[in-house]
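Reminder, nothing fancy here: chain letters follow the sequence lines and each chain counts from 1. No experiment lies behind these values; they were computed from the predicted model shown.
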Amino acid sequence: MGYDPENPMQDRITDIGPPHYEQFLPPVIKKNFGKWLWHEIKKPGVLVHKAESGDECWTVRVGTPRLVSIEYIRELCDIADKHSDGYMRWTTRNNVEFMMDSEDRVQPLLDDLASRGNKFPVGGTGAGVGNIVHTQGWVHCHTPATDASGVVKAVMDELFDYFTSHTMPAQVRIALACCLNMCGAVHCSDIAILGVHRKPPMIDHDNIEGLCEIPLAVASCPLGAIKPAKATTSDGREVKSVKVKEERCMFCGNCYTMCPSMPLADPEGSGIAILVGGKVSNTRSAPKFSKMVIPFLPNTPPRWPETVDAIKNILEVYAKDALKYERVGEWAERIGWEKFFEKTGIPFTDKSIDDYRLAYDTWRTTTQFKFTSHIK
Amino acid sequence: MAKHDTPMLDDLEKGPWPSFVTDIKKMAEKKPECWDILGQLELSFKDRITHWKHGGIVGVFGYGGGIVGRYSDQPEKFPGVAHFHTVRVNQPSSKYYSSKKLRDLCDLWEKYGSGMTNFHGSTGDTVFIGTTTENLEHFFYDLTHELNQDLGGSGSNLRTPACCLGKSRCEWSCIDTQALCHFLTNHYQDELHRPAFPYKFKFKFSGCPNDCVAAMARSDFSVVGTWKDNIRIDQAEVKQYIAGEYPPEGGAHSDRDWGKFDIQKEVIDLCPTNCMWMEGDELKIDDSECTRCMHCINVMPRALRPGKVQGATISCGAKAPILDGAQLSTMIVPFVEVNPDNDYEEVVDIIEKIWDFWMENGKNRERLGETMQRVGLPRFITEVMEMDPLPQHVKEPRSNPYVFWKEDEVEGGWQRDVHEFRKRLDLV
């Protein structure tokens, strides 16, 4: 049995979609589906949900590195078999949740998790730093400007105590995308770590004819900086290629996505930008974008100290200064961005002033501002 | 035995956060190609650049998505990862699993892949990292026949839809996000597996305006649960909060002394519409002024609940910055019924209107939000959605006077005779 290469269409099954979720719901969830009354976070990483029936669902939330082996998944299965009737789920922020029908089962699970070294940190709830959502980086992607799992590990090691506690003014959502394609959609995060390039694409005239559709490469540039052009290969052939008006490049990398002969990643040119103050929820204020406050930090593996320090600084200034419930962006807007830069000590540069489309919306058109140390 | 020296990666085995390096090393004991993942990654750490080439087109027969080709640019040094494709498997709604299901998936991936995964990809799929072209059909055959599962989306198609945990364990969810997500994923299998769109298209479903799945930020079609009637208040429980019997925001602030709970300061004054007040010891809400931001409900979950007339708000066009800059979803349909009994007729109808328009008008690699900007919101609302424009569609009315009047909106039309016009002038 199994797939027969001689008969690829034999017994072929397609378009069956995902398995129905209902079969994976823990009994207490299934019984009380849609009948929940309230919840409480008993301590970081431990939640209880109360149902109309009087039933309780106790949840233990565990942070994971997202990039995990099947050995790790099997260990989670062992834990679930032992403590939560074999059921578990993942959150949108790469945490695993074990759900149980009584409080008695919580402590044995916590003890078990703690006995397994640093593999299963409990936390990621309430007014703390949640798990970082992130992309592939150098471990499995062709367009990144930085790594993902390595940076995340370095940052989470340093912010670990904030993952396992509720000491922030509100929840802090950190996300990392290793290039502007933003598979991780970091653009609405409290703190976004974004891989950026700073050198225009190189053009591999020797291979461009075989690898690229020239019109697609030309059309890929949002600023019209790529034009068709004749070029000479290293063995003297004249080929149809492209040229790039380099001073017009904003390093988005879309050309490389469309044309493998236009790589732009570089050890010195590529690195990390930090954007802050975004949010997704509609709570109090509307969802908002993260704003670029640090345009570039170098790639410094294995621990990216500049990036880690920058994030820790922003986080700690925020934690000290913001009001209860205030997200990073709400805090920055209340005190004013000029105060944000002053309090965090982050130098303000022209790179933080928008000059792309819709830029005017971000320019200040009032005489209301604060006299911070920026004004000499 | 480690195959390559990885001093930089070894440093990432230290520290309190779980180490992916330790995990990959453990996997490598069974799957030696994982040593080459570490070897190549160490080289990237040293060179500060990726060593993966542009993906080639690989897939399973009859599907245009679900597999992403991946090749090393150092195949001689790291033969184990020379061909190392990604397989996206469509996750169950809200990512609930049994250990049986997970063990089956693990066994399948041990047989046909590297053993490394992402739980989960950003879009929501269960992602399996690292296999060869010849293994793909075998993997797919066993996945569909033995595990009763299917691939997810990639490329210019409907991407794998995703949802928050909805009514399964949340008291605030106004719609059954899981059922809706599951239904639409199955309803649109052809659109998911066979790319026919201008670019990617994402569905995300959140049960309430807290939007835990970030639908408003990252999906072309964002469904967010809401309600039309009054917030349900339990005055006895309000008193308990005021008395300090319950922790605010369900205990979210437990490790810091913020002082005694102050309902005026922490709830009433933070209401964005100032629609709440105390009358004696009773909390009052003018629900006609409420914009359903969730703050008061989040802070006092035992006392306040969303109303009972529940449905969803549909917003469209969110995307990350490539190319015209990031967009949040724009509110389009204030309230729809989300009804499984008629196969979610209202939601399906809206989706198909949008797709008909976008497939006709969208340019190559243009997300819906960009097409909406290009044709303009007035046209999108009136012609595509066939709706009356509402003040809710905008934050504020336009401030420029450049209205694109249509000829039939102007008395007498646009055809005029310039000679007649001159004649009239001469008379003056």
Side-chain angles (χ1 to χ4, degrees), chain A residues 3 13 15-19 21 24 29 34 36 38-41 49 65-67 69-73 77 80-81 86 89-90 92 118-119 126-127 138-140 142 144 149 153 156-157 160 165-167 181-185 187-188 222 260 265 267 280-284 287 299 301-302 324, chain B residues 8 11-12 15-18 20 23 26-27 41 44-45 48-50 52 54 90 92-93 95-99 102 106 109 115 122 129 137-138 141 144 150 167-168 171 178 185-186 189 209-211 213-214 216-218 250-256 258 272 293-295 301-302 320 323 326:
Chain A
Y3 176 71
I13 296 175
D15 300 87
I16 56 173
Y21 55 91
F24 307 127
I29 294 287
W36 298 100
W38 50 262
H39 76 280
E40 200 171 307
I41 312 168
H49 286 75
R66 186 182 91 123
L67 170 62
S69 72
I70 55 174
E71 296 296 274
Y72 177 93
I73 304 285
C77 290
D81 285 343
R89 73 172 286 267
W90 268 260
T92 48
N118 69 348
K119 267 190 255 179
W138 292 334
V139 86
H140 207 230
H142 63 295
S149 295
K153 164 74 174 151
M156 285 309 284
D157 273 345
F160 188 76
S165 66
H166 292 158
T167 57
N181 282 327
M182 283 198 194
C183 301
H187 57 291
C188 295
V280 162
S281 88
N282 293 273
T283 312
R284 296 173 303 278
N299 273 325
K324 190 178 180 185
Chain B
M8 279 197 272
D11 190 68
L12 294 178
W17 190 249
F20 68 98
D23 191 28
K26 188 174 176 204
M27 194 69 242
L41 186 58
S44 279
F45 271 43
R48 295 186 291 154
I49 203 158
T50 190
W52 296 102
H54 235 274
N90 199 151
S93 279
K95 307 182 179 82
Y96 279 93
Y97 297 91
S98 63
S99 56
L102 287 171
C106 289
W109 194 235
S122 299
I129 295 174
E137 289 290 353
H138 295 278
Y141 188 96
T144 49
D150 204 340
K167 287 179 181 285
S168 71
E171 66 269 32
Q178 293 172 282
T185 307
N186 281 298
Q189 282 289 293
N210 281 327
D211 195 2
V213 80
M216 291 294 285
R218 59 194 189 128
H253 303 271
S254 61
D255 292 323
R256 188 158 155 186
W258 292 93
C293 87
M294 293 296 295
H295 176 76
R302 298 195 196 206
L323 275 175

Colleague: Does any N or O in the side chain of B:Ser122 come within less than 3.5 Å of the main-chain N or O of A:Cys183, such that one atom is a donor and the other an acceptor?
Modeller: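 Judged by distance alone, yes, a pair lies under 3.5 Å.
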
Colleague: Given the options A:Ile41, A:Asp157, A:Asn181, A:Ile29, which has more heavy-atom pairs under 4.5 Å with chain B than any of the others?
Modeller: A:Asp157

Colleague: Please classify the contact between B:Thr185 and chain A as side chain, backbone, both or neither, with a heavy-atom cut-off of under 4.5 Å.
Modeller: side chain

Colleague: So, does B:Lys95 use its side chain to make a donor-acceptor pair with the main chain of A:Thr92 at under 3.5 Å?
Modeller: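 Looks like no, no N/O pair under 3.5 Å.
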
Colleague: Quick one: of B:Ala214, B:Ala320, B:Cys106, who has the most non-hydrogen atom pairs under 4.5 Å with chain A?
Modeller: B:Cys106

Colleague: For B:Arg48, does its backbone N or O pair with a side-chain atom of A:Asn299 as donor and acceptor, under 3.5 Å?
Modeller: no

Colleague: Would you say B:Asn90's side chain and A:Gly17's backbone share a donor-acceptor pair under 3.5 angstrom?
Modeller: no

Colleague: State which residues pass ring pair (Phe, Tyr, Trp, His ring centres under 6.0 Å) with A:Phe24; sequence neighbours excluded, sorted by chain then number.
Modeller: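 If we apply the ring pair (Phe, Tyr, Trp, His ring centres under 6.0 Å) test to A:Phe24, skipping adjacent residues, there are no hits.
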
Colleague: Name the region of A:His140, side chain, backbone, both or neither, that has any atom closer than 4.5 Å to a heavy atom of chain B.
Modeller: both

Colleague: Relative to chain A, which of B:Ala326, B:Pro301, B:Pro272 shows the most heavy atom pairs under 4.5 Å?
Modeller: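 Ranked by contacts with chain A, first place is B:Ala326.
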
Colleague: Name the member of A:Lys153, A:Glu71, A:Met182 that forms the most heavy-atom pairs with chain B at distances under 4.5 Å.
Modeller: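 The option with the most such pairs is A:Lys153.
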
Colleague: Quick check: do A:Ser69 and B:Lys26 have side-chain heavy atoms less than 4.5 Å from each other?
Modeller: no

Colleague: Please determine, among A:Pro19, A:Pro65, A:Pro287, the option with the most heavy-atom pairs under 4.5 Å with chain B.
Modeller: A:Pro19

Colleague: Please test B:Asp23 against A:Leu67 for side-chain contact (heavy atoms from CB on, under 4.5 Å), starting from the C-alpha separation and ending with a verdict.
Modeller: CA-CA 9 Å; B:Asp23 191 28; A:Leu67 170 62; over 6 Å; no

Colleague: Contact part of B:Asn186 toward chain A, heavy-atom cut-off under 4.5 Å: side chain, backbone, both or neither?
Modeller: side chain

Colleague: Heavy-atom pairs under 4.5 Å with chain B are the metric here; pick the option from A:Glu40, A:His39, A:Met156, A:Arg66 that has the most.
Modeller: A:Arg66

Colleague: Only pairs of heavy atoms separated by less than 4.5 Å count here; which of B:Pro16, B:Gly115, B:Gly15 has the most with chain A?
Modeller: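 The residue among B:Pro16, B:Gly115, B:Gly15 with the greatest pair count is B:Pro16.
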
Colleague: Heavy atoms only, distances under 4.5 angstrom: which of A:Tyr72, A:Phe160, A:Trp138 has the most pairs with chain B? Name it, please.
Modeller: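 Top count of heavy-atom pairs under 4.5 Å with chain B: A:Trp138.
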
Colleague: So, B:Asp255 side chain and A:Thr167 main chain: donor-acceptor pair closer than 3.5 Å or not?
Modeller: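 Judged by distance alone, no pair lies under 3.5 Å.
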
Colleague: So which of B:Arg218, B:Lys167, B:Met294, B:Met216 has the biggest tally of heavy-atom pairs under 4.5 Å with chain A?
Modeller: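 Greatest number of close heavy-atom pairs with chain A: B:Lys167.
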
Colleague: So, using side chain to side chain contact (heavy atoms under 4.5 Å, CB included) as the criterion, who are the partners of B:His54 when residues are at least two apart?
Modeller: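 Counting only residues at least two positions away or on another chain, B:His54 forms a side chain to side chain contact (heavy atoms under 4.5 Å, CB included) with A:His142, A:Tyr256, A:Pro260.
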
Colleague: Would a distance-only check, ignoring hydrogens and angles, find a side-chain to backbone donor-acceptor pair under 3.5 Å from A:Asp81 to B:Ser99?
Modeller: no

Colleague: Is B:Leu41 close to chain A through its backbone or its side chain, or both, or neither, when contacts mean heavy atoms under 4.5 Å?
Modeller: side chain

Colleague: Heavy-atom distances under 4.5 Å only: say whether A:His187 touches chain B with side chain, backbone, both or neither.
Modeller: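 Answer is side chain: those atoms of A:His187 sit under 4.5 Å from chain B.
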
Colleague: In terms of heavy-atom pairs under 4.5 Å with chain B, which of A:Ala127, A:Gly126, A:Pro267 leads?
Modeller: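 Top option by heavy-atom pairs under 4.5 Å: A:Pro267.
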
